[in-house]
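See structure below.
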Number of protein chains: 2
Amino acid sequence: MEQAGQRRRAATLKDVAALAGVSVATASKALNGRDQVRAETRSRVLEAAQRISFTPNSVARGLLAGQTGTVGLLTNDLVGRFSIPILMGAEDAFGTGKTSVLLCDARGDSIRESYHLQALLSRRVDGLIVVGSDTDPRPSLGDMPVPVVYAYGPSEDPNDLSLVPDNVGAGSLMARHLLETGRSRIAHITGEAGYSAARDRTEGITRALDAAGLSLLGGEALYGSWSEAWGRAAAAVIIDRHPDVDALLCGSDQIARGALDALRDRGIPVPEKIAVAGFDNWEVLATGSRPQLTSIDMDLEVLGRTAAQRLFAAIDGQHDSGTQKLPCRLVVRGSTVPDP
Amino acid sequence: MEQAGQRRRAATLKDVAALAGVSVATASKALNGRDQVRAETRSRVLEAAQRISFTPNSVARGLLAGQTGTVGLLTNDLVGRFSIPILMGAEDAFGTGKTSVLLCDARGDSIRESYHLQALLSRRVDGLIVVGSDTDPRPSLGDMPVPVVYAYGPSEDPNDLSLVPDNVGAGSLMARHLLETGRSRIAHITGEAGYSAARDRTEGITRALDAAGLSLLGGEALYGSWSEAWGRAAAAVIIDRHPDVDALLCGSDQIARGALDALRDRGIPVPEKIAVAGFDNWEVLATGSRPQLTSIDMDLEVLGRTAAQRLFAAIDGQHDSGTQKLPCRLVVRGSTVPDP
DNA sequence: AAACCTAACGAAAAGGTTTTCAGCAAGGTA
DNA sequence: TACCTTGCTGAAAACCTTTTCGTTAGGTTT
């Protein structure tokens with residue numbers, strides 16, 4: 001435990017200028033490639049900057065320019081698996097430029113949210129991405145001094161710009177895949193009905209079946225929880241009640257893992273006799289199972305990247321609004337189509 | 001697609017002062033609770049600030065104070081599950097104060113890392129937390145103008161402060177748990193030997209067995225990969241080779257899930273005949289299985305919080321160094337002890 | 001030789017806040 | 001009355017950078 005000597009203050013432009021024997025104005029121009037500097041002077045400044053490892057202070061620059069080159073990322077469920085890919089996508093899109101990300105996690109607590117919001121605004125972020133913990137619409141932040149993009153969880157206000165995965169389309173996509181691979185007696189086990197993700201996916205599935213002149217086995221979806229245990233239990237019920245079922249379309253990969261488990265217990269071969277499919281394409285679950293799980297990937301990283309791009313556009317004055325749905329992607333694995 | 005009208009410039013202290021009919025100096029004092037302001041004046045200022053929804057510009061404040069109230073969080077594996085809890089813990093510790101987190105993901109690419117580092121330094125962060133993608137030591141950032149704390153992955157330089165989970169202790173903890181619950185013929189299936197986490201856990205296990213006059217079944221650990229498939233395969237091998245095995249100590253929850261799966265295939269009851277245990281306490285895996293998995297939690301959120309606290313201390317001049325190991329926590333579930 | 005142009009550089013302002021210090025008025029004391 | 005507190009308030013400097021505009025020196029044109 002040593003006492004840190006007073007940390008030397010970071011080098012400033014004035015130091016560089018003094019060392020190079022020029023004024024700060026000239027030093028600034030030399031470093032920023034402005035063209036009113038003699039070549040010899042410029043190289044002298046550059047060398048001086050190099051020598052004292054000068055790092056320009058973007059705080060001062062931001063104060064002057066009125067733009068800080070930072071954006072706020074306000075998430076509500078960092079622990080959940082949905083925020084992270086979005087965050088990564090956004091970070092990626094920003095990272096290439098000179099924008100940095102200020103991260104806050106409100107944990108679904110609106111008090112904490114407004115607190116963080118305050119902090120972000122006082123730091124003069126150039127824009128804001130608000131990531132929901134689920135796809136249910138959330139209250140708008142209202143009129144903000146900077147552009148806002150809502151990702152994953154849309155704003156209730158249609159004047160805001162929201163980017164969400166197309167869960168209805170995802171449901172249809174998966175149902176069509178099962179139909180195309182010869183399934184027709186399809187049961188649907190899903191999570192809590194309180195989640196719009198669950199309801200939307202069910203709607204998409206129902207629509208696709210409708211279009212094929214079919215309907216869900218048992219007439220409707222089985223709502224429960226997003227857990228393996230529920231998948232196991234529900235699958236057991238369905239098999240007992242409908243021995244001729246040929247596909248278990250599950251609302252999440254966790255549920256699908258449970259369903260696979262139940263089928264294994266009964267010695268029912270997957271996918272030969274019954275196909276199983278999930279949603280979310282949660283790698284560790286989907287690729288760890290035997291057989292591996294066919295699933296729907298919401299392409300959240302793309303969603304995050306898109307959100308970042310839209311935010312940039314908004315910062316540049318291209319204001320857009322409404323809730324836009326981004327397509328999901330089918331990932332076919334062994335649980336619906338036999339491995340070759 | 002509407003063109004955004006020019007966004008009104010944010011209110012400044014000058015605006016507040018003008019509205020309240022005082023100078024900016026007085027307005028500042030009134031808002032910051034300084035005690036040289038008449039009560040009546042203060043309330044007039046507060047009301048003015050309220051009315052034009054004044055938010056102090058912390059950029060300007062930071063410029064003046066030389067402290068920005070931001071810290072950089074430089075991670076190398078945002079997609080991995082280890083960074084997130086650390087990040088949450090840190091965010092939590094900071095969140096209560098007035099510190100914000102600038103997040104960067106270098107993805108294990110040192111070019112990108114130095115790029116991000118540059119950005120963070122130019123933003124004049126007050127400190128830096130560097131999160132490794134694994135527990136293997138990494139090159140030091142060297143002499144930085146701000147304090148740095150390494151979390152999860154330690155720095156190679158002992159002059160830096162690093163915080164890592166005590167994987168050796170974790171191994172011993174788990175082995176002792178198995179011994180205490182009556183197991184003695186213990187096999188160890190783990191991940192890639194290239195990971196120090198794998199080697200450290202194995203070392204801890206071996207030590208604890210040693211102390212009890214025992215050794216690993218087969219004499220040594222089975223190294224493979226961190227996957228369910230490897231867990232299945234390795235478990236099968238062990239059962240065939242050592243039919244009298246009574247515990248499968250797995251290096252991760254994924255491996256343990258695979259092992260459980262293999263045991264189920266053979267109809268071997270868990271935990272009655274063979275106990276199974278994992279590491280990492282990855283909730284979705286550990287609680288989704290049947291029976292649920294006994295595991296070791298590295299308490300990464302605590303690690304993140306601790307890192308944040310140490311960083312604060314360092315910013316305050318309390319410089320500390322060396323690689324400090326934080327204890328892990330045993331979580332007992334049905335795979336080692338029968339549910340009541 | 002006078003007038004003019006150009007290139008290179010520096011002085012100063014701006015951005016928003018905090019802090020220091022000086023000033024000022026009111027009230028009290030000698 | 002002259003002086004001293006005490007309590008408030010405001011002017012100005014400081015933080016660091018960028019940009020505008022003015023200045024200087026040297027060279028070119030008439």
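Within every chain, numbering begins at 1; the chains are lettered A, B, ... in the order of the sequence lines, protein sequences first and strands thereafter.
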ask   = Nearest-Å distance, CZ (B:Arg38) to P (D:dT6)?
value = 19 Å
ask   = Which atoms form the tightest heavy-atom contact between A:Leu303 and A:Val164, and what is the distance?
value = CD1-C, 3.8 Å
query = Which nucleotide sits closest to the side chain of B:Phe54: C:dT17, C:dG15, D:dT9?
reply = C:dT17
Gap between atoms CG and P, on B:Asp35 and C:dT19 respectively (whole Å) = 12 Å
message = Nearest to the side chain of A:Leu64, heavy atoms from C-beta on, is which of C:dA14, C:dA8, C:dG16?
response = C:dA14
key: Option from B:Lys325, B:Arg310, B:Gln309 for which side-chain contact (heavy atoms from CB on, under 4.5 Å) with B:Leu163 holds   = B:Arg310
Selection from C:dT17, D:dT17, D:dC15 that lies nearest to any side-chain heavy atom of B:Leu13 = C:dT17
query = What is the distance, rounded to the nearest whole Å, between atom CG of B:Asn57 and atom C1' of C:dT17?
reply = 8 Å
key: Crowding at CD, B:Glu47 (>12 non-hydrogen neighbours, <6.0 Å)   = no
key: Distance test, side-chain N/O of A:Ser28 to OP1/OP2 of D:dT19, below 4.0 Å   = no
message = Just the rounded figure in Å: distance from P of D:dC15 to CG of A:Asp15.
response = 11 Å
ask   = Under 4.0 Å between a side-chain N/O of A:Ser23 and OP1 or OP2 of C:dG10, yes or no?
value = yes
task = Pick base, sugar-phosphate or nothing for B:Val59, based on heavy-atom distances below 4.0 Å to the nucleic acid.
result = nothing
task = Determine whether any donor atom in the side chain of B:Lys29 lies under 3.5 Å from an acceptor atom in the base of D:dG10, or the reverse, and answer yes or no.
result = yes
inquiry  = Ignoring hydrogens and geometry beyond distance, is a side-chain donor-acceptor pair present between B:Ser196 and B:Asp136 at under 3.5 Å?
reply    = yes
ask   = Over how many whole Å does the gap from A:Gln36 atom CD to D:dT23 atom P extend?
value = 17 Å
task = Looking at every strand, decide which applies to B:Thr12 at a 4.0 Å heavy-atom threshold: base, sugar-phosphate, or nothing.
result = sugar-phosphate
message = Working to the nearest 0.5 angstrom, can you tell me the gap between A:Leu121 CG and A:Ser114 OG?
response = 11.0 Å
task = Name the nucleic acid region contacted by A:Ser58, choosing base, sugar-phosphate or nothing; use a 4.0 angstrom heavy-atom cut-off, strictly under.
result = nothing
request  = To the nearest Å, give me how far apart NZ (B:Lys14) and C1' (C:dT18) are.
outcome  = 16 Å
task = Would you indicate, yes or no, if D:dT19 has its OP1 or OP2 atom less than 4.0 angstrom from a side-chain nitrogen or oxygen of A:Arg34?
result = yes
ask   = Does the A:Ser58 side chain pair with the main chain of B:Ser122, one donor and one acceptor, at a distance under 3.5 Å?
value = yes
inquiry  = Just the rounded figure in Å: distance from C1' of D:dC15 to CZ of A:Arg61.
reply    = 16 Å
Pairwise 5' ranking along DNA chain C for A:Ala39 and A:Val24, keeping only the more 5' one = A:Ala39
remark   = Winner on side-chain proximity to A:Leu63, out of D:dT18, C:dG16, C:dT17, is C:dG16
request  = Compare the minimum distances between each of C:dG10, C:dT18, D:dT17 and the side chain of A:Ala25, then state the nucleotide with the smallest one.
outcome  = C:dG10
inquiry  = What is the distance, to the nearest angstrom, from the CG atom on B:Leu31 to the P atom on C:dT18?
reply    = 8 Å
